[in-house]
Amino acid sequence: NQSNLIILKGVSGSRKSTVATLIAYPCCICTADDYFTDKDGNYNFDVTKLGAAHKACQERFDSVVNDQVVTNIVIANTNTRPSDYKYYVDQAEKAGLRITYIILENRNNTKNIHNVPLETLQRQETNILQNIKLR
């Protein structure tokens, strides 16, 4: 039974974390948002710590890939550009994981719970649209 890497792509508020929880068990969800979430579930974003958050996400991913117990690993970051998820793809290819990309639309106009500014949402959308590969 081969393991899978599932890379979710979507602007903030497109329900990436929600979709990640719907993926079949056993599953490990890796997201930079976890770095900013305290033990009580409060989200405390600090842009100056974004690099550290992504490093922590990569370290969690590495520990799961090396563990080889989890069937599905989901990266639930915005992943708007190939450079955002290159690390995960490179490591997954080395480990022999199947890689699937899922782009989430926000047709329901759900509000992003992290209060990401409109300018950032527009940049995320533009980056995703510029980097879609359909064949």
Next item on the list: First locate atom CD1 of Ile102, then atom CD1 of Ile23, and finally report the distance between them rounded to the nearest 0.5 Å.
Entry: 5.0 Å
Check: For residues 75-94, which residue pairs qualify under salt bridge (Lys or Arg N to Asp or Glu O under 4.0 Å), counting only residues two or more places apart or in two chains?
Finding: Arg81-Asp84, Lys86-Asp90
Next item on the list: Would you name the heavy atoms of Thr78 and Ser12 that are closest together and state the gap between them?
Entry: CG2-OG, 4.0 Å
Next item on the list: Check whether any side-chain N or O of Asp40 sits under 3.5 Å from a backbone N or O of Asn42 as a donor-acceptor pair, and report yes or no.
Entry: no
Check: Are Tyr87 and Val89 connected in the hydrophobic side-chain network, where two residues link if heavy atoms are under 4.5 Å apart?
Finding: yes
Next item on the list: Indicate yes or no: at least one non-hydrogen side-chain atom of Asn77 is less than 4.5 angstrom from one of Cys57.
Entry: yes
Next item on the list: Identify the two heavy atoms, one from Val74 and one from Ala20, that lie closest to each other, and give their separation to 0.1 Å.
Entry: CG1-CB, 3.7 Å
Next item on the list: May I ask you to decide if Asn72's main-chain N or O and Asn4's side chain share a donor-acceptor pair within less than 3.5 Å?
Entry: no
Check: Do any pairs count as a salt bridge (Lys or Arg N to Asp or Glu O under 4.0 Å) and have a residue in residues 6-20, sequence neighbours left out, and if so which ones?
Finding: none
Next item on the list: Go through the structure and list residues passing side chain to side chain donor-acceptor pair (under 3.5 Å) with Thr48, not counting sequence neighbours.
Entry: Asp46
Next item on the list: Sequence neighbours left out, what passes side chain to side chain donor-acceptor pair (under 3.5 Å) with Asn131? Give chain and number order.
Entry: none
Check: What residues form a side chain to side chain contact (heavy atoms under 4.5 Å, CB included) with Leu129, not counting sequence neighbours?
Finding: Glu125, Ile132
Note to self: I want to check something: taking the side chain as every heavy atom from C-beta on, are Tyr35 and Leu50 in contact at a cut-off of under 4.5 Å?
What the structure shows: no
Margin query: Set out, in order, the CA-CA distance, both residues' side-chain angles and the distance that settles side chain to side chain contact (heavy atoms under 4.5 Å, CB included) for Asn127 and Gln124, then state yes or no.
Written below: CA-CA 5 Å; Asn127 287 340; Gln124 291 172 351; 5.8 Å; no
Notebook entry, point to check: SG of Cys30 to CD1 of Ile7: how many Å apart, nearest 0.5 Å?
Noted result: 11.0 Å
Checklist line | Results of side chain to side chain donor-acceptor pair (under 3.5 Å) for Asp33 - residues two or more places apart only | finding: Tyr43, His114
Margin query: Same cluster or not: Val47 versus Val116, using hydrophobic residues (I, L, V, M, F, W, Y) connected whenever any side-chain heavy atoms lie under 4.5 Å apart?
Written below: no
Notebook entry, point to check: Looking at side-chain heavy atoms only, is the closest gap between Tyr88 and Ile99 below 4.5 Å?
Noted result: no
Item checked: same_hphob_cluster(Ile128, Ile75) at 4.5 Å side-chain heavy-atom cutoff -> no
Item checked: Heavy-atom closest contact (Leu121 atom, Val11 atom, distance) -> O-CG1, 3.8 Å
Item checked: Distance, nearest 0.5 Å, that separates SG of Cys27 from CD1 of Ile73 -> 9.0 Å
Checklist line | Atom of Leu5, atom of Ala92 and distance for their closest heavy-atom approach | finding: CD2-CB, 3.6 Å
Checklist line | Inter-residue atom distance Leu8.CG - Tyr85.OH, 0.5 Å rounding | finding: 12.5 Å
